[in-house]
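In what follows, a structure is listed as structure tokens, so that the remarks can point back to it.
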Amino acid sequence: MSEFEAIEKKWQKRWSDNKLFNVKVDEKKKKFYCLEMFPYPSGKLHMGHMRNFSLGDVIARYKRMRGFNVLYPMGFDAFGMPAENAAIKNQIHPRDWTVKCMTDMEEQLHSLGFSYDWSREIKTCMPDYYKWDQWIFLKMYEKKLLYKAKAPANWCPSCRTVLANEQVENGKCWRCKSAVIQKMFDQWFIKITAYVDQLLDDLKQLENNWPERVLTMQKNWIGKSKGTLITFKIKDSKKEVTVFTTRPDTVFGITYITLAPEHPLINELVKGTDKEDIVKRFAEEVKLESMIDRESVKDKKGLFIGHYAINPVNNEEVPIFIADYAIMSYGTGAVMAVPTHDERDFLFAQKYNLPLKIVIKQKDGDIDACSMSKAYEDDGILVNSGEFNGLDNNSAKEKITKWMEKKGFGKTSTQYKIRDWLISRQRYWGCPIPMVYCDKCGIIPVPIKDLPVLLPDDVVFREEGNPLETSKTFIKTKCPKCNGPAKRETDTMDTFFDSSWYYLRYTSPDYKAGPFDKEAANYFMPVDQYIGGIEHAILHLLYARFFQKFLRDIGLTKFDEPFKRLLAQGMVLLGGEKMSKSKGNIVEPKDITEKYGADTARMFILFAALPEKEFEWSEHGVEACYKFIKKLIGMAEGVSAVKKVDVKKLSSKEKTVIGKLNKTIKTVTENIDKYEFNFAISNIMTLANYLTKQKEAISSDVYNFTFGKVLVMLAPFIPHTCEELWEKGKNEGFVSVCDWPKFDESLIDEKADCFEEELEKTINDVKDVIKLINKTPKNISLFIAESWKYKVADMIRKAKDITDIKGIISDVMKDADARKHGGEATKMVQSVTKDMSKLVPSKINQSEEFGFFTESKSYLEKEFNCKFEILKAEDSTEGKAKSSLPGKPGILIR
RNA sequence: GCGGGGGUGGCGGAGUGGUCAAACGCGCAGGACUUAAGAUCCUGUGACUUAGUGUCUACGAGGGUUCGAAACCCUUCCCCCGCACCA
């Protein structure tokens with residue numbers, strides 16, 4: 001047990017007793033919805049969770065302190081395979097297993113001190129949640145977004161069960177190692193493709209707020225491409241074949257056509273011919289092969305099926321092949337092949353000795369088909385293309401398509417890679433699909449008033465088939481329409497269905513009249529900050545976006561997109577690899593919390609790296625945070641409550657401390673706003689270290705004040721420690737919900753107040769400048785002194801901050817004169833501006849001219865043990881410099 | 001292959017044209033405290049040098065742009081992640 005456990009428990013209890021983090025709709029307050037991807041209840045929290053939730057908790061706590069009405073909920077994505085596997089293995093009911101796991105995880109979450117509103121907890125496996133899954137399902141059915149179709153599923157013939165993709169290892173069943181086959185099942189699909197354009201277009205709304213790579217992944221997954229459908233007649237047959245192409249500009253170069261092995265036309269064409277056997281065997285082989293190891297299919301294989309298609313643009317006869325590189329599920333399953341201008345076709349044509357016909361050449365220069373070593377896929381000019389010769393290929397695309405449309409064999413078309421979402425799962429532990437099969441009436445939805453369709457308990461968990469089918473009470477039912485005998489659907493829903501709308505349920509988790517309360521949802525939605533692993537970049541986020549749009553369309557919400565901002569956290573590595581059970585390189589959060597306490601664990605995981613970056617787990621790093629927390633406790637010795645300090649009455653040292661605090665507040669606030677938590681922590685560390693060193697030199701009021709602010713700033717990161725020390729310092733209330741410290745504009749004059757210290761620096765800086773000038777060849781020295789230094793200095797004097805100064809420097813450098821004088825001048829200017837940049841904000845130089853010298857004069861004289869005087873330009877210079885700056889004050893060194 | 005992100009001290013990692021040998025932390029070295037160890041605190045920590053100053057050098061490799069590059073451009077090598085025959 002860590003020495004911190006008692007303290008942590010104490011504050012967790014107080015927070016919960018005071019309902020500190022519970023939230024209600026409050027139109028007067030600005031809301032902030034902070035959400036983490038809810039976990040699957042495996043029973044154990046892992047580092048990924050820990051990082052995810054620590055990030056979310058800091059954001060939620062910070063926003064709360066900034067005065068937002070923060071919704072920060074937690075729940076469980078509780079349906080799914082592992083529970084069912086556990087059931088089969090241990091003969092325990094999946095519900096019992098899941099509930100136990102959830103209880104365990106809740107406990108772990110509590111012990112880490114995350115500031116969830118637990119009154120809003122959601123468990124998707126509970127009927128009061130999945131009832132609304134079914135409700136939404138029925139609404140989708142009503143809107144014709146659901147349909148049943150035959151689809152292949154992974155089927156293990158020996159276990160007689162459907163397998164999830166993850167259960168197929170190298171084409172074999174994970175349990176019995178027999179070869180998995182693709183078997184066709186009648187399954188439910190959601191027509192997500194009906195929303196494809198919106199899903200694509202609305203990605204624009206997310207730009208800058210979602211990680212670039214997630215947007216790209218979604219785009220690629222949707223895979224929109226514009227092209228042309230072209231229909232070919234088949235020689236000696238009444239049949240036709242339609243291909244999809246994005247390169248209509250190359251139609252004159254077609255030398256063959258390929259069909260996917262599953263293409264229905266193949267059987268029709270080869271039936272009764274001498275090719276029938278060999279072609280069918282080939283198709284079977286390919287199907288099996290692609291199951292066993294899709295990735296190894298590099299070498300393209302094909303077979304001539306004995307038929308020819310007629311290219312409608314030039315009436316050429318081209319052979320039809322069946323080939324493994326054509327896939328049925330994209331386009332039409334048939335591809336026109338132009339080996340000269342498509343690399344895949346090129347490789348295939350070389351292997352099977354098919355002709356090459358060039359139809360695009362480079363603007364200048366020729367391509368020779370015989371000497372080609374790879375396809376020419378770049379842009380160019382059309383040749384061998386009838387009336388289109390001489391066009392550039394991009395404009396030819398449209399012209400050729402239009403021409404084909406007119407002739408009646410071509411038509412523009414948009415194709416997508418995304419396919420409808422298969423949601424049927426032949427498993428028990430999921431939300432039952434509320435459908436009934438009646439011999440008389442067909443497929444009938446369960447009426448909404450009869451929801452939920454409950455999962456039955458009289459089920460046998462065995463390795464074969466869907467356990468739900470073993471229930472005696474579930475399957476047999478009455479048809480809602482004719483009241484005759486009917487059978488229930490035994491498929492359950494994909495768990496992604498449950499997780500596609502849970503964020504809405506959090507806004508009103510106990511709502512009885514619908515999936516969620518419209519008003520609550522409109523208040524809290526959209527989610528302002530969503531946080532989770534990159535592994536959900538495609539599916540979960542796409543489905544949730546789709547649900548949001550659907551629910552909007554049936555009038556339940558008013559937003560297009562559910563998640564305004566997305567943070568995809570990086571992985572936690574150990575030994576350079578992702579922590580995973582199979583690799584055995586796991587550090588559990590529990591190991592750390594037991595030894596060092598929750599705050600240390602939280603702090604380390606935030607301190608280790610920027611949130612999006614992966615980082616290497618390091619026990620040393622953990623200890624560092626532990627040390628810091630202990631140091632903080634030491635710093636709290638003898639502190640008393642924070643009192644306002646009157647800056648005017650402070651000593652210069654104290655002013656410096658307050659000024660540093662003020663500056664730290666500013667940067668830490670910026671750090672947190674930008675989610676740079678590691679920098680925020682490091683800046684607070686720096687301040688704490690500084691404060692420790694100054695303790696003796698400042699009054700206890702200033703110390704208490706500064707330390708108090710340090711606690712407040714650390715509260716989102718290490719809340720337990722901060723609460724404890726806050727209380728120890730006899731401060732009132734919870735530091736967790738006190739106001740975030742404000743950066744005080746008036747204290748920014750910290751530098752002016754810290755005259756002594758700044759002046760010390762000034763003297764050193766001026767010394768540098770003097771040395772530099774003395775060393776520089778005279779002409780340059782003068783030039784610099786009288787021209788650039790003045791010019792730059794003058795501009796810099798007007799500058800507000802360092803960024804401004806940077807801008808000025810780069811402006812000056814663009815000036816041709818500056819460049820002429822090369823490196824020497826540059827060095828000078830750099831050095832001078834460096835000097836200036838330090839001096840200017842110090843506000844020491846308030847005099848009209850080179851004031852800083854005026855004020856520093858006596859110090860300088862003391863320092864150098866000599867006299868300085870202030871000169872005007874005309875007094876000090878000769879030649880060029882003098883005339884270039886009439887009447888301007890000049891360098892001041894004698 | 002395509003798409004995305006990277007390669008900086010002994011380490012984790014800062015730094016995206018000019019304030020600057022590189023935040024913060026780890027490790028290491030020295031000092032204080034201690035009988036000692038640990039803990040804690042202080043100092044140092046690229047190299048060479050100094051009383052202080054100073055000089056030189058690194059940002060995977062090689063070129064280029066610039067007065068000035070770790071940062072921008074080109075070439076090249078390596079690592080990680082995602083998709084993978086999408087016509």
Side-chain angles (χ1 to χ4, degrees), chain A residues 211-217 219-221 223-225 227-228 243-247 250 257-258 260 290 294-295 297-300 323-327 329-338 342-345 347-348 415-418 534-535 537-538 570-571 573 576-578 604 607-610 612-625 627-628 630-631 634 676 678-686 689 692-693 765 767-768 771 802-803 805-810 812-816 818-827 829-831 833-838 841:
Chain A
E212 184 67 36
R213 58 178 170 157
V214 175
L215 294 175
T216 322
M217 278 158 95
K219 250 177 240 165
N220 293 343
W221 188 258
K224 180 177 181 169
S225 52
T228 308
V243 303
F244 173 72
T245 182
T246 53
R247 295 295 303 272
T250 63
I257 276 180
T258 54
S290 62
R294 279 159 216 252
E295 279 161 42
V297 190
K298 290 229 167 75
D299 187 29
K300 300 178 196 334
D324 59 356
Y325 77 96
I327 48 180
S329 52
Y330 184 75
T332 60
V335 187
M336 61 175 230
V338 185
D342 182 284
E343 186 59 21
R344 292 156 303 182
D345 298 344
L347 293 170
F348 190 85
Q415 298 286 329
Y416 299 91
K417 284 187 210 172
I418 190 174
I534 191 77
E535 65 273 20
I538 298 175
M571 288 188 298
L573 310 175
E577 287 182 310
K578 186 181 176 178
F604 170 65
F607 182 52
L610 286 170
E612 306 81 21
K613 293 214 172 177
E614 54 186 47
F615 75 90
E616 181 72 23
W617 182 263
S618 141
E619 184 93 16
H620 285 309
V622 178
E623 272 171 21
C625 295
K627 240 158 81 175
F628 178 75
K630 281 210 283 191
K631 180 185 174 136
E676 295 169 340
N678 49 339
F679 299 148
I681 294 173
S682 100
N683 283 322
I684 300 172
M685 278 177 167
T686 309
N689 289 340
T692 314
K693 278 178 205 158
D765 292 338
K767 273 199 259 179
D768 290 349
K771 272 184 202 157
I802 295 295
T803 329
I805 291 168
K806 278 189 183 181
I808 289 165
I809 291 168
S810 77
V812 170
M813 284 306 139
K814 272 180 211 143
D815 196 307
R819 262 184 258 154
K820 260 190 260 162
H821 293 272
E824 286 289 340
T826 305
K827 250 190 188 166
V829 175
Q830 274 176 25
S831 146
T833 49
K834 168 183 156 189
D835 175 45
M836 294 297 167
S837 69
K838 279 181 185 157

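Note on naming: letters A, B, ... go to the chains in the order of the sequence lines (proteins, then strands), and numbering restarts at 1 for each one.
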Among B:A87, B:A14, B:G4, the nucleotide that comes nearest once only the side chain of A:Phe679 is considered: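 When the side chain of A:Phe679 is considered, B:A14 is the closest of B:A87, B:A14, B:G4.
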Taking ring-ring contact (aromatic ring centres under 6.0 Å, His included) as the definition, give me every residue that meets it alongside A:Tyr416, ordered by chain and number, with sequence neighbours left out.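 Partners of A:Tyr416 by the ring-ring contact (aromatic ring centres under 6.0 Å, His included) criterion come out as none, since no residue qualifies.
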Residues passing the ring-ring contact (aromatic ring centres under 6.0 Å, His included) test with A:Phe607, sequence neighbours excluded, are none
Paired nucleotide for [N] [Watson-Crick or G-U wobble; both distances under 3.5 Å]:
N     : answer
B:A71 : none
B:A84 : none
B:G10 : B:C26
B:U40 : B:A32

Partner residues of A:Ala680 under the side-chain contact (heavy atoms from CB on, under 4.5 Å) criterion, sequence neighbours left out: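 Counting only residues at least two positions away or on another chain, A:Ala680 forms a side-chain contact (heavy atoms from CB on, under 4.5 Å) with A:Val668, A:Asn671, A:Ile672, A:Phe717.
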Could you pull out the protein-nucleic contacts involving nucleotides 24-33 of chain B (nitrogen or oxygen on both sides, under 3.5 Å)?
| residue | atom | partner | partner atom | Å |
| --- | --- | --- | --- | --- |
| B:C24 | O4' | A:Ser682 | OG | 3.3 |
| B:G25 | OP1 | A:Asn689 | ND2 | 3.3 |
| B:C26 | OP1 | A:Lys627 | NZ | 3.3 |

List for me each residue that meets salt bridge (charged side-chain N to carboxylate O under 4.0 Å, His left out) alongside A:Arg213, sequence neighbours excluded, and say none if there are none.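 None.
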Taking only residues two or more places apart in sequence, or in another chain, which ones meet A:Lys627 in a salt bridge (charged side-chain N to carboxylate O under 4.0 Å, His left out)?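 Result, salt bridge (charged side-chain N to carboxylate O under 4.0 Å, His left out) vs A:Lys627: none returned.
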Hey, does the side chain of A:Ser225 come within less than 4.0 Å of B:A87's phosphate (OP1/OP2), counting only N and O? yes
